[in-house]
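Worksheet for the structure shown next.
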Protein chains: 2
Amino acid sequence: MRADAEKNHRHLLAVASEVVAERGADMSLRDVARRAGVGLGTLYRHFPTREALLDALLRDGFEELAAYGAELEGSVPPEEALTSWLRRCVAGAREYRGITTLMMAAIEDPGSALHASCVTMRAAGTRLLSSAQAAGVASSDIDGTDLFALIAALAWLNDQPSTSSRADHLFDVLASAILTKRASNNPSPSPFADDHSPKSVA
Amino acid sequence: MRADAEKNHRHLLAVASEVVAERGADMSLRDVARRAGVGLGTLYRHFPTREALLDALLRDGFEELAAYGAELEGSVPPEEALTSWLRRCVAGAREYRGITTLMMAAIEDPGSALHASCVTMRAAGTRLLSSAQAAGVASSDIDGTDLFALIAALAWLNDQPSTSSRADHLFDVLASAILTKRASNNPSPSPFADDHSPKSVA
DNA sequence: ACCTGAACACCGTTCAAGT
DNA sequence: ACCTGAACACCGTTCAAGT
């Protein structure tokens, strides 16, 4: 019946969430099925790949992250907006150990179930970065893809037990590379005041 | 006989080197034994852990890296010395995909066969960093452990197919975070001209 | 429609048995 | 001394068989 399938789906997600929290994104899928009291094939039916399962767990978080970015953009100066958003990205990744390698693979593999989420996140970061660059508070020689990579690198560092205690400090170091207030190459506050990106929402 | 064992040892290393080049540091140990035409137990006898095998492959490279650091220190200004050394570290890591996670674990696990090599490398980096800091060309709020982590992060980024093409660019971004010429906190060229580290070699 | 679990082809690691 | 490979306990993935 359809109701059974839906119940399985929800239960699998709940169990997977626990297992990922305990073991990280490279958890045993067998273990998830086992703990959910469900056949292995049922897990594969609902989530044909590991990425599909993780995306189901992460999608909401990615969208919240994008929304948070849009909110910051309308309420706070560009430098603070970018910094706060980065901080939240890294904090979010901390909940899902081992996700970064998967994300780096997914962002350029349109076939991956995580692709869309990664693209959403990169787009949100790119907007904040552009604003900060236009305001002259972010280095102009990095782009959204670089930013995505730097966030991933930072999240990866946080996954490593030997550096997780220095997470805040390494964040500052990396952030300083992004938020380079460049000396005096741009004289006045941006000669082209209007860009072409729609400023919808708020 | 002893001669047989030595031959096996060398052959295993040669084969392992090939397999690591093809598959990365997470290669199948079974595959190494198979390709070497040797029983699985023989591989484990010679190299009781994956780390032991990798250390045997990497040890020379680490020592060369340390020697290169010492050489640079005696022949080139501090900023250039640190940059060149970092470049070589990252280039070296490129030959051994997937090694960075293992190294991050090994540096704080004295029981790991890779521990000594990691400590050697960190020490070499620390010396170069200190010189650069004393000369006022490197940020004073990072230490050797941070440097080690940043090198690992950069090497990890290079392992990711989606960023390997931007390796040089990301190197520059990270390097700029390390080599921050701090404004004017240190007025004159270093009040303490002599430090206590021995300037041996040349 | 949906679920199950055996089956297949892999791992890492250990250890009795051979030479 | 040294080597071998079966044995054990795991994987991911697929798919015939059941309801």
Side-chain angles (χ1 to χ4, degrees), chain A residues 1-57 96-99 101-102 105-106 109 111-114, chain B residues 1-57 96-99 101-102 105-106 109 111-114:
Chain A
M1 285 129 179
R2 184 82 136 294
D4 276 25
E6 209 172 304
K7 188 183 165 193
N8 275 338
H9 193 92
R10 266 196 297 269
H11 191 219
L12 277 168
L13 277 178
V15 170
S17 177
E18 273 177 33
V19 180
V20 170
E22 282 175 29
R23 312 279 179 192
D26 57 343
M27 76 287 187
S28 157
L29 297 180
R30 256 189 156 85
D31 195 30
V32 172
R34 209 155 33 210
R35 290 209 216 177
V38 123
L40 243 172
T42 302
L43 173 59
Y44 275 91
R45 161 177 286 270
H46 286 276
F47 307 103
T49 63
R50 170 183 240 96
E51 283 77 16
L53 176 54
L54 289 168
D55 186 57
L57 291 174
Y96 294 90
R97 263 176 310 151
I99 197 72
T101 307
L102 255 19
D109 173 15
S112 166
L114 277 168
Chain B
M1 288 133 182
R2 186 87 136 294
D4 276 27
E6 210 174 304
K7 190 182 161 190
N8 273 339
H9 194 92
R10 267 196 296 270
H11 190 218
L12 277 168
L13 278 177
V15 170
S17 177
E18 273 177 35
V19 179
V20 170
E22 283 175 28
R23 312 280 179 191
D26 57 341
M27 77 286 184
S28 158
L29 296 181
R30 258 190 153 83
D31 196 29
V32 173
R34 209 154 36 209
R35 290 210 216 178
V38 123
L40 240 174
T42 301
L43 173 60
Y44 274 91
R45 162 177 283 271
H46 287 276
F47 307 102
T49 64
R50 178 186 299 275
E51 283 77 16
L53 177 54
L54 289 168
D55 186 56
L57 291 174
Y96 294 90
R97 264 177 307 148
I99 198 68
T101 307
L102 256 16
D109 172 16
S112 166
L114 276 168

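Residue numbers start from 1 in every chain, and the chains themselves are labelled A, B, ... in the order their sequence lines are given, proteins ahead of strands.
Counting to the nearest Å, the C1' atom of dC10(C) and the CG atom of Asp26(B) are 14 Å from each other. One interatomic measurement links the two molecules: CG of Leu12(B) to P of dC2(D), which rounds to 14 Å at whole-angstrom precision. For the pair Phe47(B) CZ and dC2(D) P, the computed distance is 14 Å after rounding to whole Å. Note: CZ (Arg30(B)) to P (dC10(D)) measures 15 Å, nearest angstrom. Regarding His11(A), its NE2 atom lies at a distance of 19 Å from the P atom of dC2(C), rounded to whole Å. Look at CD on Glu51(B): it is 12 Å from P on dG12(C), rounded to the nearest Å. Atom P of nucleotide dT13(C) and atom CG of Leu53(B) are separated by 12 Å, given to the nearest angstrom. One atom, CG of Leu43(A), and another, C1' of dG12(D), lie 11 Å apart when rounded to the nearest Å.
Each of dC11(D), dG12(C), dC3(D) was ranked by its minimum atom distance to the side chain of Tyr44(B); first place goes to dG12(C). Checking dT4(C), dT13(D), dA7(D) against the side-chain heavy atoms of Leu40(A) singles out dT13(D) as nearest.
Base pairing of dA9(C): no nucleotide in any strand meets the Watson-Crick or G-U wobble criterion (both distances under 3.5 Å). Across all strands shown, dC3(D) forms no Watson-Crick or G-U wobble pair with both distances under 3.5 Å. Both distances falling under 3.5 Å, in either a Watson-Crick or a G-U wobble arrangement, occur for no nucleotide opposite dA17(D).
Between Asn8(A) and dC3(C) there is a side-chain polar atom (N or O) within less than 4.0 angstrom of OP1 or OP2. One finds a side-chain N or O of His46(A) lying less than 4.0 angstrom from the OP1 or OP2 phosphate oxygen of dC3(C). The shortest distance between the side-chain N/O atoms of Arg34(B) and the OP1/OP2 oxygens of dC11(C) is below 4.0 Å.
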Open item on the list: Please evaluate residues Asp109(A) and Glu51(A) with respect to the criterion side-chain contact (heavy atoms from CB on, under 4.5 Å), reporting the C-alpha separation (whole Å), side-chain torsions for both, the decisive distance (0.1 Å), and the verdict.
Closed with: CA-CA 12 Å; Asp109(A) 173 15; Glu51(A) 283 77 16; over 6 Å; no
TODO: Could you go through the side-chain contact (heavy atoms from CB on, under 4.5 Å) check for Asn8(B) and Arg10(B) one step at a time?
DONE: CA-CA 5 Å; Asn8(B) 273 339; Arg10(B) 267 196 296 270; over 6 Å; no
- [ ] Start with the C-alpha distance between Val15(A) and Val38(A), add both sets of side-chain angles, then the distance that settles side-chain contact (heavy atoms from CB on, under 4.5 Å), and finish with yes or no.
- [x] CA-CA 11 Å; Val15(A) 170; Val38(A) 123; over 6 Å; no
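Using a 4.0 Å heavy-atom distance criterion, Ser28(B) is classed as a sugar-phosphate-only contact. Looking at heavy-atom distances under 4.0 Å, Arg45(B) makes contact with a base. Note on Leu29(B): only backbone sugar-phosphate atoms sit closer than 4.0 angstrom, heavy atoms only; bases stay farther off. Contacts of His9(A) with the nucleic acid, taken as non-hydrogen atoms under 4.0 Å apart, are absent.
Salt-bridge formation is detected for the pair Arg34(B)/Asp31(B): a Lys NZ or Arg NE/NH1/NH2 atom is positioned less than 4.0 Å from an Asp or Glu carboxylate oxygen.
Nucleotides of DNA chain D nearest to Arg50(A) and Gly39(B) differ in position, and the one nearer the 5' end is that of Gly39(B).
Listed for the Arg97(B) side chain is no donor-acceptor partner under 3.5 Å among the backbone atoms of Asp26(B).
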